[in-house]
Protein chains: 2
Amino acid sequence: MENSFQDDDSLRSEEASQEWSDGQSAALDPTVRFIEQMGIHAQGDGVPRIAGRIMGYFIVYGGPVSFAQLAQELQVSRASVSTNVRTLTDLGMIDKVARPGDRQDYYQLANNPYLRMIETYLLRMRAMQDLLQKADDTIPANMHSTHSRLAQMRHFFETAVQSNEQLIKDLEQ
Amino acid sequence: MENSFQDDDSLRSEEASQEWSDGQSAALDPTVRFIEQMGIHAQGDGVPRIAGRIMGYFIVYGGPVSFAQLAQELQVSRASVSTNVRTLTDLGMIDKVARPGDRQDYYQLANNPYLRMIETYLLRMRAMQDLLQKADDTIPANMHSTHSRLAQMRHFFETAVQSNEQLIKDLEQ
DNA sequence: CACTTCGTTCAGTTAAGATTGAACAAACTA
DNA sequence: TAGTTTGTTCAATCTTAACTGAACGAAGTG
């Protein structure tokens with residue numbers, strides 16, 4: 001059960017400090033706090049909380065980290081680890097890595113974890129552009145002000161897409 | 001009940017075309033289709049579907065449009081119109097406009113509807129920056145690789161924030 | 001004044017996702 | 001072969017947020 005393969009910072013931490021009403025205790029450990037906050041923030045972004053916590057875990061412990069370890073450390077079911085880890089790999093935020101002679105799956109933080117997120121964001125904007133294009137094509141031509149507003153929005157997304165494409169280039173160095 | 005005050009494109013449309021399994025009919029009207037798709041897309045962005053539909057409605061019929069008209073045309077409760085219209089005004093995407101001698105509330109598309117959305121987006125990124133800063137401050141200094149990953153993420157958000165601030169400037173002309 | 005219209009608020013319902021346990025298949029081990 | 005371990009899938013549960021109807025206050029109108 002011990003994972004001997006991990007980069008420098010080795011702490012785990014079960015430390016408790018703050019008392020809760022139900023008698024349980026919450027960790028004041030800054031790493032744990034950070035991981036939980038990543039979960040909250042992710043939720044606000046429409047991403048499952050557990051996916052956010054997993055990301056937080058990887059930022060703290062870069063990996064490679066085993067599937068089972070994630071489930072145990074974050075106290076979530078293997079089913080959740082399975083789905084959320086897939087989500088994150090699909091997003092390109094973490095990578096699956098093989099460990100010779102070990103049947104378990106290991107994962108680690110991707111190279112530029114948030115870069116792919118922008119690409120996903122770009123996809124959404126392009127979908128919106130399609131939507132606007134289609135509307136422009138199908139809505140009667142005599143609805144002039146409607147077409148003018150559609151054009152304005154298209155211009156917005158055009159600009160935004162270009163800006164984010166440039167951002168990606170900048171971040172790729 | 002008639003709204004005499006509306007810009008050029010005056011169509012409403014109750015037209016139905018496509019048959020559904022339950023015997024009801026869906027509108028093929030391109031404007032209705034567009035409005036519904038805006039609802040779907042909004043949902044995907046974590047915004048309530050009705051807010052998206054309202055936005056769609058305003059893109060099609062720039063406004064001013066009355067509160068009651070929104071409820072009727074989009075077939076939603078006045079309660080929903082109330083909350084979603086507030087959300088959209090808070091986001092700066094639509095504006096409330098007064099009509100002398102008319103007690104009803106009217107709304108119309110804001111000037112640069114999506115610009116404020118980017119500002120909201122910026123707020124989220126700044127919150128993330130705070131989160132990272134706080135983690136950097138509290139996590140033990142000897143966790144070197146953790147701090148290095150935190151620094152990498154901070155750099156990302158720094159760059160992203162700058163890029164989006166520039167985008168806002170560009171869009172403001 | 002009584003009566004209507006308009007928009008907000010709030011408690012309750014509904015709908016949508018996230019999370020889980022259990023069943024399962026694949027790949028090992030003995 | 002039977003028995004483990006590992007990750008996935010699926011149905012059921014739990015949680016969260018959206019949406020609604022009804023009650024309400026404010027602001028008309030008659």
Side-chain angles (χ1 to χ4, degrees), chain A residues 1-3 5 35-36 38-57 63-91 94-108, chain B residues 1-3 5 22 35-36 38-57 63-91 94-107:
Chain A
M1 255 300 143
E2 262 304 322
N3 176 16
F5 176 44
I35 290 170
E36 295 309 319
M38 285 291 291
I40 306 280
H41 186 93
Q43 223 169 5
D45 275 355
V47 177
R49 179 200 281 235
I50 292 185
R53 298 212 295 145
I54 291 178
M55 271 307 289
Y57 190 85
V65 175
S66 75
F67 185 101
Q69 194 175 352
L70 284 174
Q72 202 203 326
E73 299 285 334
L74 298 177
Q75 294 282 9
V76 296
S77 67
R78 288 181 302 151
S80 276
V81 172
S82 179
T83 59
N84 284 289
V85 145
R86 175 166 50 225
T87 301
L88 290 173
T89 49
D90 288 351
L91 285 173
I94 63 177
D95 296 324
K96 186 190 270 198
V97 294
R99 290 248 279 144
D102 194 334
R103 193 145 63 84
Q104 276 189 86
D105 290 351
Y106 284 80
Y107 295 89
Q108 67 183 14
Chain B
M1 249 303 144
E2 262 304 322
N3 176 19
F5 174 45
D22 59 2
I35 289 169
E36 295 309 318
M38 285 290 291
I40 308 280
H41 186 93
Q43 223 169 5
D45 275 354
V47 177
R49 179 200 282 234
I50 292 185
R53 297 213 295 145
I54 291 178
M55 271 308 289
Y57 191 84
V65 174
S66 75
F67 185 101
Q69 196 174 351
L70 285 173
Q72 201 203 326
E73 299 286 335
L74 300 177
Q75 293 283 7
V76 296
S77 66
R78 288 180 299 152
S80 276
V81 172
S82 179
T83 58
N84 284 288
V85 146
R86 176 169 45 230
T87 301
L88 290 173
T89 49
D90 287 352
L91 285 173
I94 63 178
D95 295 325
K96 186 191 272 197
V97 294
R99 288 250 279 145
D102 194 333
R103 193 144 65 83
Q104 277 190 85
D105 290 353
Y106 286 80
Y107 296 89

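Computed over heavy atoms, backbone and side chain alike; hydrogens, waters and symmetry mates excluded. Chain naming here is simple, since letters A, B, ... match the order of the sequence lines and numbering starts at 1 in each.
Atom CG in A:Asp102 sits roughly 13 Å away from atom C1' in D:dG7 (whole-Å rounding). What separates CZ of B:Arg99 from P of C:dG7 is a distance of 12 Å, to the nearest Å. We find that CZ of B:Arg86 is positioned 12 Å from C1' of C:dC10, with the value rounded to whole Å. With rounding to whole Å, B:Gln72 atom CD is found 14 Å from C:dT5 atom P. One can place CG of A:Leu70 at 14 Å from P of D:dT6, the figure rounded to the nearest angstrom. Atoms CD (A:Gln69) and P (D:dT6) sit 13 Å apart, rounded to a whole Å. Taking atom CG of residue B:Asp45 and atom P of nucleotide D:dA17, one finds them 17 Å apart after rounding to whole Å. The separation between A:Gln104 atom CD and C:dA27 atom P is 17 Å, rounded to whole Å.
In terms of heavy atoms, B:Ile94 sits closest to B:Val85 at CD1-O, 4.1 Å. The two residues A:Met55 and A:Leu88 come nearest to each other via the heavy atoms CG-CD2, 3.8 Å.
Interface remark: the A:Arg103 side chain does not form any donor-acceptor pair with the D:dT6 base, using a distance-only criterion of under 3.5 Å.
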Atom pairs, N/O to N/O, protein against nucleotides 18-24 of chain D, distance under 3.5 Å?
from	atom 1	to	atom 2	distance (Å)
D:dT20	OP2	B:Ser77	N	3.3
D:dT20	OP2	B:Ser77	OG	3.1
D:dT20	OP2	B:Ser80	OG	2.6

Output a table of donor-acceptor pairs, distance under 3.5 Å, between side-chain atoms of residues 42-52 of chain A and any protein atom two or more places apart or on a different chain; print 'none' if there are none.
from	atom 1	to	atom 2	distance (Å)
A:Asp45	OD1	B:Arg124	NE	2.4
A:Asp45	OD1	B:Arg124	NH2	3.0

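Judged purely by atom type and a 3.5 angstrom limit, B:Ser82 has no side-chain atom pairing as donor or acceptor with the backbone of B:Arg78. Under a 3.5 Å cut-off, the side chain of B:Arg53 and the backbone N or O of B:Leu74 do form a donor-acceptor pair.
A search for side-chain contact (heavy atoms from CB on, under 4.5 Å) contacts involving B:Ala79 returns B:Ser77, not counting sequence neighbours.
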